[in-house]
Amino acid sequence: LKKKQHYSDHDDEDEQQTNASEQKRRAQVFAKPQEESTGMHDIKSMFAASKTRNVQRQEQNQKDESDKLLSDIMFKLQKPKLKTTRPTPAAAAPPPQPAKIEYKSVEISRPEQISTPSVLPTPSLPTHNSNHSLHQEKELDWGDDDSICFDAVSKLMNDTVPPIKHPSPPPISKSLIQFDTQELEFVTDEQLVKSARTFHTSPTKEIDQNEILNKDEHFKIFWFDAYEDPVAQPGKLFIFGKTPLLNDDKSTSKTFVSVCLIIDNIPKQVFFIPKTGNSASDVEDELFIIAKRFKITNYTSSIVKKRRFDPDLISTDVLNEIDIVEMKYPARCTSLPSDLQGDSFQCVYGTNQSPLEYLLMDKKLKGPCWLNIKNCAPVKTRRSWCKLEYDVDYYSGADRLMTNIEISTINPPPPPLVAVTLSLVTLPNTKTHETEVICVAGLVHQQFPIDSAAPKRPYQNYFIALTKPSDCILPSGLVKAAESQKIKIETVPGERALLMYLISKFQLLDPDVIIGHDMRMFGLELFLSRCQKLKVGLTASKIGRLHRTHDGKTKVSTIKNPTCGRLLCDISISARELLTKCKSYDLEELCKVVLNTEQLQLYRNYSIDQTRDAFSSSMSVVDLVQATLNNTSLILNIFCQLMVLPLAYQLTCIAGNLLSRTLMGGRSERNDHLLLHAFTERDYIVPERSLSSSHRTALKHTQEIHNESDEEIDDENKKTTKPSSTSYIGGLVLAPKKGFYDHFILLLDFNSLYPSIIQEFNVCFTTYMKKPTQSRPDSEQTQIDVDDIIALDETTKGILPLEIYKLVERRREVKKLIKEKKNLTDEQLVQYDIRQKAYKLTANSLYGCLGFKHSRFYCKQLAAFITCKGRETLMQAKNIVERMNFDVIYGDTDSIMINTNSTDYDQVMAIGTKIRNEINRQYKHIEIGIDGVFKCMLLLKKKKYAALIVEKTPTQEFIYKTELKGLDIVRRDWCQLARSIGEFVVSVILSGQSRDDVLDKIHNRLRDLGDEMRTGKIDIEQYEINRQLSKDPSDYSDVKSLPHVQIAVRFNTTSTGRKMKRGDTISYIVCEDGTQNSAMQRGYLREEVLSSSSSLTIDINYYLHQQILPVISRLLEPFDGTDQAYLALCLGLDSSKYKNRQQKNYSSKDNNNVENNNDDDDDDFNSELLFGEGSEAFKQCDPFVFPCVQCQTLNFWNAPFIFNEVKFILQLAFHM
RNA sequence: ACAAACAGCGU
DNA sequence: ATTACTATAGACGCTGTTTGT
Ligand SMILES: [Mg+2]
Ligand SMILES: [Mg+2]
């Protein structure tokens, strides 16, 4: 604690701290609640509002009106001379009529007046604030401010709530003084009305006076989200962002408010490809008829030069610039069918392009950025919950040459965002068994950066509200009890009031970022369905920034992007992408993986029953509240630690998609947008969103061949539930020379092999095409399963290599900055590191997306070509190493392991350098590097090994680190006990002791273990086996052998509340349950085992036989002196069972020669020998010759193949 | 021995 | 027969368990 105090007493200048101390700081969370003052308690005053129950329509009208007022008052506020008023303390009581409130004038605290933290003497603790008087005023503001605002809000509610005692003003917090943006709210209704009047009489004039407009009439918005509804409002695009209130450039920090920009008349842009023999002007003539046919009244057309490329790599003539007719027409017109054909044109492109995509491409928008907006007008009727809302036409003039939206040439830093971290506590209703929300907790930060590390204190305020569960009452004295723990809680009379509470918070805070765990799939859906059930109506859409109503019938999950305008960050989604090897993605596990132990201790999981029981006493409710707040802060800390937002921001800025989509996960869309931008910028017509056969046939016209596109279309029509098998050959894995190595092993690894290959071989849609049909059966050509030739000369760089080059170069620059510049702040360092990471991620995912069937840039041929070159590269490297007389013991896709037979580190490194240089000599871009040196290594199988990495420090010392790859001990589907023992075995093996010592130690450990297990000394958690559901539990066809599915189904039928869904991980324990069922039918959850009513006991036998023994015996397979039977004996098992199997193993081993186990795997001459030069063993054989059934071209297969590869043969035979 | 299903490691 | 609705999106290579024939 002393240390922690030390940290928090630091001035903010002291930013040079390690991550560890950073974590410690955050670890304070709620450990000292008295330091965390609260702000928003005045929800109760909201409920003291008028009790009139309005009909829906009235509500709507009032809503619109007051929103308009609120928006209009913003203009007033932007005038520097305007003094904002605030109510006297007397107004704290709920006023019957707002007009009666007495206001006095007060200076709004501007940043100039308040010292920034860096110059404050003691900024860390709120109570030590230097400006005490200000402090006092603010304290009052905070309380009153809410009541006024809630008053406004309450008008909009048709809920009636009895008045509750007004709480005392909360203690002051430093954050309130620094970041008070609440001046928006404490404005009188008089002012609202007044401003509205002036505003509506002369809107344009009012805007001109408006401070948000610059002198050159540019309105600046930092956009970060967009929404479009192609059905209801075609051609309209909602852009969400923030705009500075103050236009004073001298001020160091500004106040930003949310703004919604409704862009209208974004055109539809389509391209017509003239038929051969028809000129572009022919097409223009025909357009007149086409337009008439589709009732397009107002269009423009022009002849432009464009390129188009063929994603199937068939036609070559498409690479030249050709005359194309561009047509633009209003998006509100019926859109043209994508397979439209005419007399003079072969096909039309771009019919499926959305207005958003057009805007992104036309304006080259890549990620959130500042935009200049001209000629905008405040909206007449509100459609968003933003503070400001404008209509704007896309084009500024009738000539459609200039647009009203432009990227800002000057780039101020992004504005700070308002971030709210939410968590909900739910409880099933005892009668209806519906899950209900009983508690809402939120942490608020008003100045959250979008592009850099989170603030050291990731939140400034909190709020928490609680209601009684369905059939019990809240214990009396609850609020007092909470106050004694320095927690301010709100109690509301019911679930609906609780939802309204949350909604009012959203109205107040207007958060830009919503952070939560399992929000998208559970929290948000629950919120919406409860709002639907309780008929909350329009206001429920304040969870986002767009007005929406939703009828009570259709499912809530059909609402598209309910939080549009606000960025929803779900850490369980982000963690899936960022932390790939995680046992599960529930909050507890994420805390374990991401946070330190100190923070982890704050985590408390309340089961349903525990939650219900908590309501027996006020103290236990307070505990629940405390735990909920702690969990919320843990969510926020994980969010900060993983740097979800900055990384998503960088990725979005690279790819040019929507930030909210990046946050939803998935690589394909990012990659699509990256390429969309790249190809559009270079005047290429971009592939359609949904593939249309007319485009393909139009291209195919030049060459009379069929290709696999037909088959793929069929595939999609079939909609087979069966997951499609792989469609092309991937990386090469060299046959491992199994065994234990006690000499140094050298690990060489190509850096980013696939991106390098794209550069090295200039792989692009524009540079390669399929081999013409009349191919000569060249030996080299046939061995490559994708037959391509280079279409362009090598000086013309393709677009994919260029994009990769740009990414690599920029990454190199950023890394250089990190390395060289010493005068970087910690914050910048972190920022650069994120950017560097984002570049790498983007470059690496390009290859994968080429092979992704639903990608807009899907191209199996290119993907297959890249992997093919990868195999070639690896084989060549292997051959080089072997020609240098070194022993290659293993290699996987892009790596080679070499047994140096040496134990001298420096010598090994010298060898490595020599080999590296030899290999790198051949390539311009491909580069191999020394990835490490192993002191010793246990190589068991392909992709399964353990090794002891040795590294030399600058001080000539050696550091050792264990590396485990693919072994059972790194897999979540083995119980922790088996993994721990396995880890022990590996550590003993790698310890370098003599073989006998090693085996002795292991045998002894196993004997102890058997006893420990039988005497029940092992913790039950050690027995948990984790398995993920890849489908929804009900979608599995045969459940018999799938314990995790059985448990999920049972859980979902028995339990109320959150259901097990696809993607969830189930942790189960195999138990003796008295039945004769197989072990697979005796899986139980830990709670089921522990519950007092159960008579379940752990099935020790299963664990010994099926978990521990196989794991151990596999690890010890290469060692003589022990065998599975003996290991079983050590564990106290009947070893005779294994004797037979052992014999069988021996015989097969003898056949295959255990000692020189070079080729004991039949399937090891698969792709390796197919395409490499290692086919010496089959030199004598005649090639397999077969004609293509279509064109009778002879194919020569000059290598062996195995059954698995028959399909690739077939592809050649049928020219598919 | 084969098949199917299911895991989730590896690059 | 028509309509509304549903879900989900980087690749491939390799080893392991369970059930069933
Ligand atoms: Mg590599
Ligand atoms: Mg590698």
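Here is how names work: the chains are called A, B, and so on, in the same order as the sequence lines, proteins then strands, and each is numbered from 1.
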TODO: Please report the C-alpha distance between A/Ser354 and A/Arg689 in whole Å, then the side-chain angles of each, then the deciding distance to 0.1 Å, and finally whether the side-chain contact (heavy atoms from CB on, under 4.5 Å) criterion is met.
DONE: CA-CA 9 Å; A/Ser354 72; A/Arg689 191 177 300 161; 3.4 Å; yes
[N] phosphate, OP1 or OP2: any side-chain N/O from [X] under 4.0 angstrom?
{"X": "A/His1044", "N": "B/A7", "value": "yes"}
{"X": "A/Lys941", "N": "C/dG16", "value": "yes"}
{"X": "A/Gln1081", "N": "C/dT18", "value": "no"}
{"X": "A/Thr867", "N": "C/dA11", "value": "no"}
{"X": "A/Ser845", "N": "C/dA11", "value": "no"}
{"X": "A/Arg972", "N": "B/G8", "value": "yes"}

Rounded to the nearest Å, what distance is computed from the [atom1] atom of residue [X] to the [atom2] atom of nucleotide [N]?
{"X": "A/Arg1027", "N": "C/dT18", "atom1": "CZ", "atom2": "C1'", "result": "9 Å"}
{"X": "A/Tyr945", "N": "C/dT15", "atom1": "OH", "atom2": "P", "result": "15 Å"}
{"X": "A/Lys860", "N": "C/dG10", "atom1": "NZ", "atom2": "P", "result": "19 Å"}
{"X": "A/Lys942", "N": "C/dC12", "atom1": "NZ", "atom2": "C1'", "result": "13 Å"}
{"X": "A/Phe852", "N": "C/dC12", "atom1": "CZ", "atom2": "P", "result": "11 Å"}
{"X": "A/Lys869", "N": "B/U11", "atom1": "NZ", "atom2": "P", "result": "25 Å"}
{"X": "A/Ile1066", "N": "B/A7", "atom1": "CD1", "atom2": "P", "result": "10 Å"}
{"X": "A/Leu675", "N": "C/dG10", "atom1": "CG", "atom2": "P", "result": "15 Å"}

As a test of reading the structure: which of [options] is closest to the side chain of [X], going by heavy atoms?
{"X": "A/Lys943", "options": "C/dT8, C/dG13, C/dC5", "answer": "C/dG13"}
{"X": "A/Ile729", "options": "C/dA11, B/A7, C/dG13", "answer": "C/dG13"}
{"X": "A/Leu1042", "options": "B/G8, C/dG13, B/C6", "answer": "B/C6"}
{"X": "A/Ser1030", "options": "B/C6, C/dC14, C/dT18", "answer": "B/C6"}
{"X": "A/Tyr1036", "options": "B/U11, B/A7, C/dT19", "answer": "B/A7"}
{"X": "A/Asp973", "options": "B/G10, C/dG16, B/A7", "answer": "B/A7"}
{"X": "A/Tyr847", "options": "C/dT18, C/dG10, C/dA9", "answer": "C/dG10"}
{"X": "A/Tyr728", "options": "C/dT19, C/dT18, C/dC12", "answer": "C/dC12"}
{"X": "A/Trp974", "options": "C/dG20, B/U11, C/dG16", "answer": "C/dG16"}
{"X": "A/Cys849", "options": "C/dG16, C/dC14, C/dG10", "answer": "C/dG10"}

TODO: Could you note down all residue pairs passing salt bridge (Lys or Arg N to Asp or Glu O under 4.0 Å) where residues 1028-1043 of chain A supplies at least one of them, sequence neighbours left out?
DONE: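 Checked against salt bridge (Lys or Arg N to Asp or Glu O under 4.0 Å) - neighbours excluded - no pair reaches residues 1028-1043 of chain A.
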Task: Residue pairs involving residues 656-671 of chain A (criterion salt bridge (Lys or Arg N to Asp or Glu O under 4.0 Å); sequence neighbours excluded) - done: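 Salt bridge (Lys or Arg N to Asp or Glu O under 4.0 Å) check on residues 656-671 of chain A returns A/Glu577-A/Arg670, A/Arg661-A/Glu669.
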TODO: Find out whether the Lys NZ or Arg CZ of A/Lys860 is both under 6.0 angstrom from the six-membered ring centre of A/Tyr728 and within 45° of the ring's axis.
DONE: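 No, cation not above the ring by the 6.0 Å, 45° rule.
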- [ ] Not counting sequence neighbours, which residues clear side chain to side chain contact (heavy atoms under 4.5 Å, CB included) with A/Pro337? List them please.
- [x]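 Scan of A/Pro337 (side chain to side chain contact (heavy atoms under 4.5 Å, CB included), adjacent residues dropped) gives A/Phe294, A/Asp339, A/Leu340.
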Open item on the list: Suppose we screen for side chain to side chain contact (heavy atoms under 4.5 Å, CB included). Which residues come up paired with A/Glu803, at least two apart in sequence or across chains?
Closed with: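 Listed in chain order: A/Leu674, A/Ala678, A/Arg682, A/Ile799, A/Lys806.
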- [ ] Identify, residue by residue, the members of residues 746-755 of chain A with a heavy atom below 4.0 Å from RNA chain B, and return them in order of residue number, or none.
- [x]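 Within this stretch, nothing sits under 4.0 Å of the strand.
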Open item on the list: The criterion is side chain to side chain donor-acceptor pair (under 3.5 Å); which residues satisfy it with A/His1105, sequence neighbours excluded?
Closed with: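 A/His1105 satisfies side chain to side chain donor-acceptor pair (under 3.5 Å) with no residue once adjacent residues are dropped.
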Open item on the list: Please report whether the ring centroid of A/Tyr1023 lies less than 6.0 Å from that of A/Tyr1103.
Closed with: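 Under 6.0 Å, so yes.
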